[in-house]
Enquirer: 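Take this structure first; my questions come after.
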Protein chains: 2
Amino acid sequence: MDTAEIRILSAGTAVPGAPVSNSLLARHFGMDELWEQWIDVFVGTKARHLSVDLETGELRSTLADLAERAARHALSAADLPPSDIDLVVMGTATPDALMPTTVNVVADRLGINAIPTYQLQSGCTGAVQALEVARQLMTGGGYRKALVIAGDSCAKHFDVNADLRAMAPAELVNVVVFGDGAGAAVLSADPTPGRVALRTALTRFTGLGRAPGQSVEWYGRAELSSKKAPVSEDYKAIEALVPVLAKETFDELLVALNWKEQDVDYLLPPQLSARMTERITAALGTTAQEITCVTETGNCGNALAMLQLERLLPLLEPGERAIGVAIESSKWIKAGFAVEGV
Amino acid sequence: MDTAEIRILSAGTAVPGAPVSNSLLARHFGMDELWEQWIDVFVGTKARHLSVDLETGELRSTLADLAERAARHALSAADLPPSDIDLVVMGTATPDALMPTTVNVVADRLGINAIPTYQLQSGCTGAVQALEVARQLMTGGGYRKALVIAGDSCAKHFDVNADLRAMAPAELVNVVVFGDGAGAAVLSADPTPGRVALRTALTRFTGLGRAPGQSVEWYGRAELSSKKAPVSEDYKAIEALVPVLAKETFDELLVALNWKEQDVDYLLPPQLSARMTERITAALGTTAQEITCVTETGNCGNALAMLQLERLLPLLEPGERAIGVAIESSKWIKAGFAVEGV
């Protein structure tokens, strides 16, 4: 199987500024200690990084800024110049603009040219979608070295002057759950000893007949007086469905690779919030060591799988196996990937 | 070569409402006959279809509505039920929302489930990007029947109450150049006699060191008082560069297939406007018969290649060859594809 030969050479990530703690958030928005305790108990996230400066409302970094930094880290860790890259695939739900695409702004800044660059629009499964598209394009199209980028930024929807006391609980959660960040990985189709093999990946639309669990709008000029909510979630549906879909994804990967549950040494679970991650991991019933970062970074959307991958790579010994799972709750996508130390 | 076996079984398209003529536009926006003549002479577009009702400002159809209609036409023309599709790839610059993605809304409506669905963010090259990604995923991933969708809608940025007299000329052009629409094609990796073979496709980022020729913004909740222009173009750069890039793309396809210029029976040129299309075709210096629709549909962005493909398929006799070229001027992408009657 050709695709068994795809190697992950490196991963790199970037988050904006210093961590913003729950108490910093509470102080800025004039919320009390009870609110902080509510975050601790029901969300579990302790900090996140924001592209917007909380005090001034100024944009600290665009998604392109974060993606460029992450890509440079990954290229440097792989010891490859950008000119060796012959394919770039990026996944994001929150591009800086509709056009130009963020992937092309980043490619230009890295000095990359004359190759295919693709940007996948996706919620939390964008990193896995990008990994999978890159993997299959390398197999089908003969590309040798791919740069895979994923990330998200809440900046355009994050209102530093928001009145949190006027918000409905479901909307309030969004202020504390999400964080900004980007990540990148370098893939190689050339035999590279002593690296990590990307054994398989999958992505499955599973939204038939299911209402969206999450919506994120964008506004055009003709809608600037729009009153529609930019972000909405059905947290009940998310809580009920994500553990089930995560289990289905995990099991499908095991079957595809003929791995047993006990063969999996590391698990990279979906990371909606620290509490949800605990529930999902419990549903998987695996003894694999969890690679998690949501407590410190919040839910960074598409960046999360890359943040997890960056933590995994130095740990993975030859013969050790890891499975990553990501679930998109907007219109329900199951996605996952499996890697092995070689 | 495996990819030589990919067949295009059908194409289908959809545009919203009745054609909106230049005089209808002029009357609605209170512009005079001189303006109409200016459109005729310098733009050349005679009509376009709009997703917004000019009189009421009401949304006539979302991009998902158009894409669903186009996909149903294509599936019906291929005589395939949606359940035969095992891969969906869509290209658009103007999704209905950031999440859920439009491709997944359409998949749900078609009754498609449990397969990979991808949405590529792209300007005018999105249809070719989607064709190319589908083609290579079919080769690398073993998919048998792919639904490729492409389309765009200006609705969110189209202000029916705009004061055209206050607009700068570059902005004014946007009101008449663009139209809304969607298209779809069904691809098969199974040998299918008497159909059209997708011989090759290419997509190349070529924006290194080049300023964007076009920008299209989206606004978040925190930007609803933003004064930044939603759409901006550098028409001088576009006029200078697009014919050059179109020629490079055309020539690269000929070399890749070992075709001579005189082997090409049909040309599907980039369609920014009727006048620009004339200039681009002249620059290509080909005697191939042009497949064009921009005069009647305006520049429908990602829908255009599909509108052209739908016109081409019934014409293409066994042994006849066609080349399609699309150029994205936002951050400069060359894209093209080659088909042959078999």
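Lettering of chains follows the sequences in order, A, B, ..., and the numbering in each one begins at 1.
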Enquirer: I'd like to know if the side chain of A:Asn113 and the backbone of B:Gly207 have a donor-acceptor N/O pair within less than 3.5 Å.
Expert: yes
Enquirer: As an exercise, state the distance from CG of A:Asp86 to CZ of A:Arg144, rounded to the nearest 0.5 Å.
Expert: 8.0 Å
Enquirer: Just checking, is any N or O donor in the side chain of B:Ser122 or B:Gln129 under 3.5 Å from an acceptor N or O on the other one?
Expert: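 Yes - a donor-acceptor pair under 3.5 Å links their side chains.
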Enquirer: Please look at A:Leu137 and chain B and tell me whether the side chain, the backbone, both or neither of the residue comes under 4.5 angstrom of a heavy atom of that chain.
Expert: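 Both parts, heavy atoms under 4.5 Å.
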Enquirer: Is it the side chain or the backbone of A:Ala162 that comes within 4.5 Å of chain B heavy atoms, both, or neither?
Expert: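 Nothing of A:Ala162, per the 4.5 Å heavy-atom cut-off to chain B.
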Enquirer: Quick check for you: to the nearest 0.5 Å, what is the distance between B:Leu98 atom CG and A:Leu98 atom CG?
Expert: 8.0 Å
Enquirer: Just give me the residue among A:Asp108, A:Thr101, A:Val103 that pairs up with chain B most often, heavy atom to heavy atom, under 4.5 Å.
Expert: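 Option with the greatest count: A:Asp108.
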Enquirer: Shorter than 4.5 Å, heavy atoms on both sides: which option in A:Pro95, A:Gly91, A:Gly57, A:Ala107 has the most such pairs with chain B?
Expert: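 Of the options given, most contacts go to A:Pro95.
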Enquirer: Less than 4.5 Å to any heavy atom of chain B: does that hold for the side chain of A:Phe158, its backbone, both, or neither?
Expert: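 Only the backbone of A:Phe158 comes within 4.5 Å of chain B.
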Enquirer: Would you mind checking which part of A:Leu202 comes under 4.5 Å of any heavy atom in chain B, side chain (CB onward), backbone (N, CA, C, O), both or neither?
Expert: neither
Enquirer: Between CG of A:Asp180 and CG of A:Leu63, what distance do you get to the nearest 0.5 Å?
Expert: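 So the gap between those two atoms works out to 8.5 Å.
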Enquirer: Once rounded to the nearest 0.5 Å, what's the spacing between atom OG1 of A:Thr203 and atom CG of A:Leu120?
Expert: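 Between A:Thr203 OG1 and A:Leu120 CG, I get 9.0 Å after rounding to 0.5 Å.
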Enquirer: Could you check which of A:Met90, A:Arg221, A:Glu217 has the highest count of heavy-atom pairs closer than 4.5 Å to chain B?
Expert: A:Arg221
Enquirer: Could you tell me the separation between the OG1 atom of B:Thr200 and the CZ atom of B:Phe337, rounded to the nearest 0.5 Å?
Expert: 11.5 Å
Enquirer: Is there a donor in the side chain of B:Asp152 and an acceptor in the side chain of B:Thr94, or the other way round, less than 3.5 Å apart?
Expert: yes
Enquirer: Is A:Asp96 in contact with chain B via its backbone, its side chain, both, or neither, using a 4.5 Å heavy-atom distance?
Expert: backbone
Enquirer: For the CZ atom of B:Phe178 and the CG atom of B:Leu50, what is their distance to the nearest 0.5 Å?
Expert: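 With rounding to 0.5 Å, CZ (B:Phe178) is 12.5 Å from CG (B:Leu50).
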Enquirer: Quick one: which of A:Ile115, A:Thr102, A:Asn161 has the most heavy-atom pairs under 4.5 Å with chain B, could you say?
Expert: A:Ile115
Enquirer: Counting only non-hydrogen atoms closer than 4.5 Å, does B:Ile333 touch chain A with its backbone (N, CA, C, O), its side chain (CB onward), both, or neither?
Expert: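 Contact with chain A: side chain only.
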Enquirer: Pick whichever of A:Arg204, A:Lys331, A:Met99 has the most heavy-atom pairs under 4.5 Å with chain B.
Expert: A:Met99
Enquirer: Looking only at heavy atoms and a cut-off of under 4.5 Å, which of A:Gly123, A:Pro212, A:Ala335, A:Gly213 has the most pairs with chain B?
Expert: A:Gly123
Enquirer: Identify which of B:Asp159, B:Thr92, B:Val216 forms the greatest number of heavy-atom pairs closer than 4.5 Å to chain A.
Expert: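 Top option by heavy-atom pairs under 4.5 Å: B:Val216.
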